[in-house]
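Down below is the structure, laid out as C-alpha cells.
All chains are named by letter (A, B, ...) in the order of the sequence lines, taking the proteins before the strands, and each is independently numbered beginning at 1.
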Amino acid sequence: MSEAKHEPRLSEATRAAVLAHRGRFADRRAAVLPALHEINTELGHVPRWAVGQLAGWLDLHPAEVEDTVSFYSFFKRDRAAVGAVRIWVCRSIVCAASCAALGGEPLLEYLCEKLGIEPGQTTEDGRITVEAAECLGACDVAPAMLVGETLYGNLTCEKVDRLLDELRETRSGED
Amino acid sequence: MSDFEPILTAGFQTPDYHRLAVYEAHGGYQTAQRVLRKKTPQEVVEEVRRSGLRGRGGAGFPTGVKWSFLPEPDEGPVYLCVNADESEPGTFCNRTLMENDPHLVLEGILISGFATRATHAVVYLRWEYPTCFRRLREAIDEAYEAGYFGENLFGTDYSLDVTLHRGAGAYICGEETGLIESLEGKRAWPRIKPPYPAVKGLFARPTVVNNVETLACVKPILERSADWFRSIGVPPDPAVSKDPGSFGPKMFGISGHVNRPGCYEAPLGISCRELIDRFGHGVRQGRKIKAVVPGGISTGLLCEDELDTPMDFRSLQLAGCLGLGTACPVVFDETYRIVDFLYQACRFFTHESCGQCTPCREGTRWALELAGRIRDGRGRPNDLVLLEEIGQTIGIEPGTTICGLADGAAWAIRTTIEKFREELERWISSPTKKQVG
C-alpha cells in the first residue's frame, strides 16, 4: 500500500496493540474484533481507510475485515455518525415497562427531544450521540442507559437533566 | 427452602469480595488447588456429570455430558469458551455474578479447564457490560499474579491461559457457534451442527462453550460434592425417559413491576409466585399480575393462573413455555398491554436476526410489520393467523433455520397469541379503548 503524504494513519500505539492481539490466538483473523475495538478507541469510529490498514497488519483481504466490521452495529463507519459521547438507551421490555412515569421508550424520546435529535443522531455541536439499545442487562435498575462505559439506572427525568448538564460541562476527551 | 443456604451469591454482601485477597480469605482457590493436585480430569468430569448440573445459559444441556463429548486429547490446543454474552431481554444474573464475584467465575473456569484439558480459556463478554469488563480484567490480572493462571499451576503440569474478549453488540454471539465464529474474527453466523464444537469448534479444535453461572457452579460441586448438589432442586420425572432433573442452586433475576427487583438465589424448582412474593416483595402498588416472562422473551409468557409453576427445566415446558431459559422472571401487572410485548419481542428478534437464514431474516421482519400495525391500531382480523403461521414456520423445530434464534421468536409469538388471544383480538377490533384485565 502506497503511503500518500496526507493519507491518515492509525497511531503507533494502536498498531502495537493490534499486533499483540494477533500474537494471542492461533489464527490471525481472531485479532480482528479486538483490533476493531482498538481502532474505535483511537478514532471513535472505524473508517474504511483504517480497515485497509488493519487488513495489512493482519495479512487479510480488506473485504474480510469489512465483512466483520459491517456485522457489528457497535462500529460506526463515519465520523459524523458519532459524537464525543455515545449514549445507549435501553428500549427492552423491562425498561419500557418498568416505570409508569418514564419507561425505556419515553426515556429515549425525552432524551432526544431535549437534545433536539432523533435516535441514532448526533447533536449539532458533535458532543452527544443517542442510540437505542436492546436489553442492557440492567433490568434490576430499569430504566437504564449507558453513557460511554458507565451505566446509569433508576433514571428519572431529573436525573437525565442533571446528567446532560454534566455532559455539556465536561470537555470532550474526558469521558 | 427454609434451610437453603445461598452458595453462588454468598460473597455478595462481603465488602470488596471481588478482590483476590478477600476471596482468598474466604477459602478462594483452595478447591482448585486441591482438585488440580489430587484429582484426574476424568474424575472431575464424572463428579460434574453425577451432580446433574445443567447449563445455566438457557438450553439446559447437562454439563458433564457435554464435556464427555470431547475427543481423547492430542498435542493440540483445546478451548474453553466462557459465554458471558448475556443478552436475552430481561436477563442480568451473569452480570451480577461477574461484578460481585469474578474470582468464583475464574475458579470455576480453572477447575473446568482442568477437567476438559483446556489449554486456553476465552471469556466472551458482551460490550454492554463495562463494569464486568473492568472487574474481570482486574481479577484476571490478580489471578495471574498469584499464579492461578499461566504455566504449571499449583506445581502440577497443568497450564491454562485465560483471555478476556469483548463483543460488539450482537445478540447472536450468545449462540455457541455464533460465539465461536465471532471469536475467529468473523460475522457471528451460527454453524450447522454437527460437527459439534466439542469435536470441531474454535479454530477447528475441540471446544467447550459454557455459561458463566454454569462454570461458577463447578467450584462448589467440587468443594462439596455431587451428592450435595443433587440434594437441592427437583429430581428427574420418572414418567419421562432420561429426564436429567433440575438440580442445584440457581440465580434468579426478578424485574418489571415488582417492588424489589434484583438477583436472588434459590433452589431450582421454587415457584414463580414465591420468587415474586418472597424476593420481589410482590407487585408494585398491590396490583394484580397479568403475565410473567419466566426466563427471557424466547421462553414466552406465563399467565397469572400459571404462576405456581416450579421454576425448573421441565415444569416450564409443561406450562407451555420454551423452558427455564435464563430464569429471570419479568413481571407485568394488569395495566400492561400484551400488544406491547408482542411488538417489542418481534422488534428485538428482527433486530437481532443475523441474516444468515432467510426464513428467520424475512420471517421476523414480516412478524414485526404485523405486530407493528396491530399495535398502531391498524391490525386486521386475519393478522393473528398470519403471525401464528410465521411462528410455526421459522426455527430449528420446523427445520428451516440453523440456530434457535427464530425458535425464540416463534415461541414468543405463539404463546403470546395462544395465551392472550382474547385481549389481542379485542385490541384489533377496538384499539383505542384502554386495555384492562
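- The nearest pair of heavy atoms linking Pro130(B) to Thr150(A) is CG-N, 4.5 Å.
- In this structure, the separation between CZ on Phe25(A) and CG on Leu202(B) is 7.5 Å, given to the nearest 0.5 Å.
- Here the side chains of Cys135(A) and Glu86(B) are not in contact, with every heavy-atom distance at 4.5 Å or above.
- Heavy-atom distances place the side chain of Val122(B), and not its backbone, under 4.5 Å from chain A.
- Considering only heavy-atom pairs separated by less than 4.5 Å from chain A, the leading option among Arg134(B), Arg260(B), Glu352(B), Arg126(B) is Arg126(B).
- At least one side-chain heavy atom of Arg187(B) sits under 4.5 Å from a side-chain heavy atom of Asp67(A).
- The candidate with the highest count of non-hydrogen atom pairs below 4.5 Å against chain A, out of Cys328(B), Ser87(B), Cys354(B), Gly355(B), is Cys354(B).
- In this structure, CD on Gln344(B) lies 9.0 Å from CZ on Arg91(A), to the nearest 0.5 angstrom.
- The two residues Glu128(B) and Leu136(A) make their nearest non-hydrogen contact at CG-CD2, 3.9 Å.
- No other option in Ser255(B), Gly169(B), Ala170(B) has as many heavy-atom pairs under 4.5 Å with chain A as Ser255(B).
- Looking only at distances, no side-chain donor or acceptor of His165(B) sits under 3.5 Å from a matching main-chain atom of Pro34(A).
- Contact of Tyr171(B) with chain A is not made at all, since no heavy-atom distance falls under 4.5 Å.
- Scanning both residues, Tyr72(A) and Lys186(B), for their nearest heavy atoms gives OH-O, 2.7 Å.
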* Tyr129(B) vs Leu146(A), side chain to side chain contact (heavy atoms under 4.5 Å, CB included): CA-CA, chis, key distance, verdict -> CA-CA 9 Å; Tyr129(B) 282 0; Leu146(A) 266 178; over 6 Å; no
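- Looking at every heavy atom in both residues, Thr163(B) comes nearest to Arg24(A) through CG2-CD, 4.1 Å.
- Using a 4.0 Å cut-off between charged side-chain N and carboxylate O, Asp27(A) and Arg205(B) make no salt bridge.
- Checking side-chain atoms of Ser92(A) against main-chain N and O of Pro89(B) turns up no donor-acceptor pair under 3.5 Å.
- Only the backbone of Glu184(B) comes within contact range of chain A, judged by heavy atoms closer than 4.5 Å.
- Smallest separation of non-hydrogen atoms from Phe74(A) and Ala168(B): CB-O, 3.1 Å.
- Put simply, the side chain of Tyr124(B) reaches to within 4.5 Å of the side chain of Leu33(A), judged on heavy atoms.
- The candidate with the highest count of non-hydrogen atom pairs below 4.5 Å against chain A, out of Gly90(B), Ser182(B), Ala188(B), is Ala188(B).
- Heavy-atom pairs under 4.5 Å with chain A were tallied for Gly167(B), Cys173(B), Gly253(B); the largest tally goes to Gly167(B).
- The two atoms that bring Gly148(A) and Trp127(B) nearest to each other are O-CH2, 3.7 Å, heavy atoms only.
- At distances below 3.5 Å, at least one donor-acceptor pair connects side-chain atoms of Arg95(B) with backbone N or O atoms of Gly137(A).
- Of the two parts of Ala138(A), the backbone and the side chain both hold a non-hydrogen atom closer than 4.5 Å to a non-hydrogen atom of chain B.
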* To do: Take Val94(A) and Phe92(B) through the side chain to side chain contact (heavy atoms under 4.5 Å, CB included) test and state the conclusion after the steps.
  => CA-CA 11 Å; Val94(A) 183; Phe92(B) 54 96; over 6 Å; no
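- Between Arg166(B) and Glu149(A), at least one side-chain nitrogen of the basic residue sits less than 4.0 Å from a carboxylate oxygen of the acidic one, meeting the salt-bridge criterion.
- Contact of the Ile93(A) side chain with the Phe348(B) side chain is not registered, since no non-hydrogen atoms from C-beta on lie closer than 4.5 Å.
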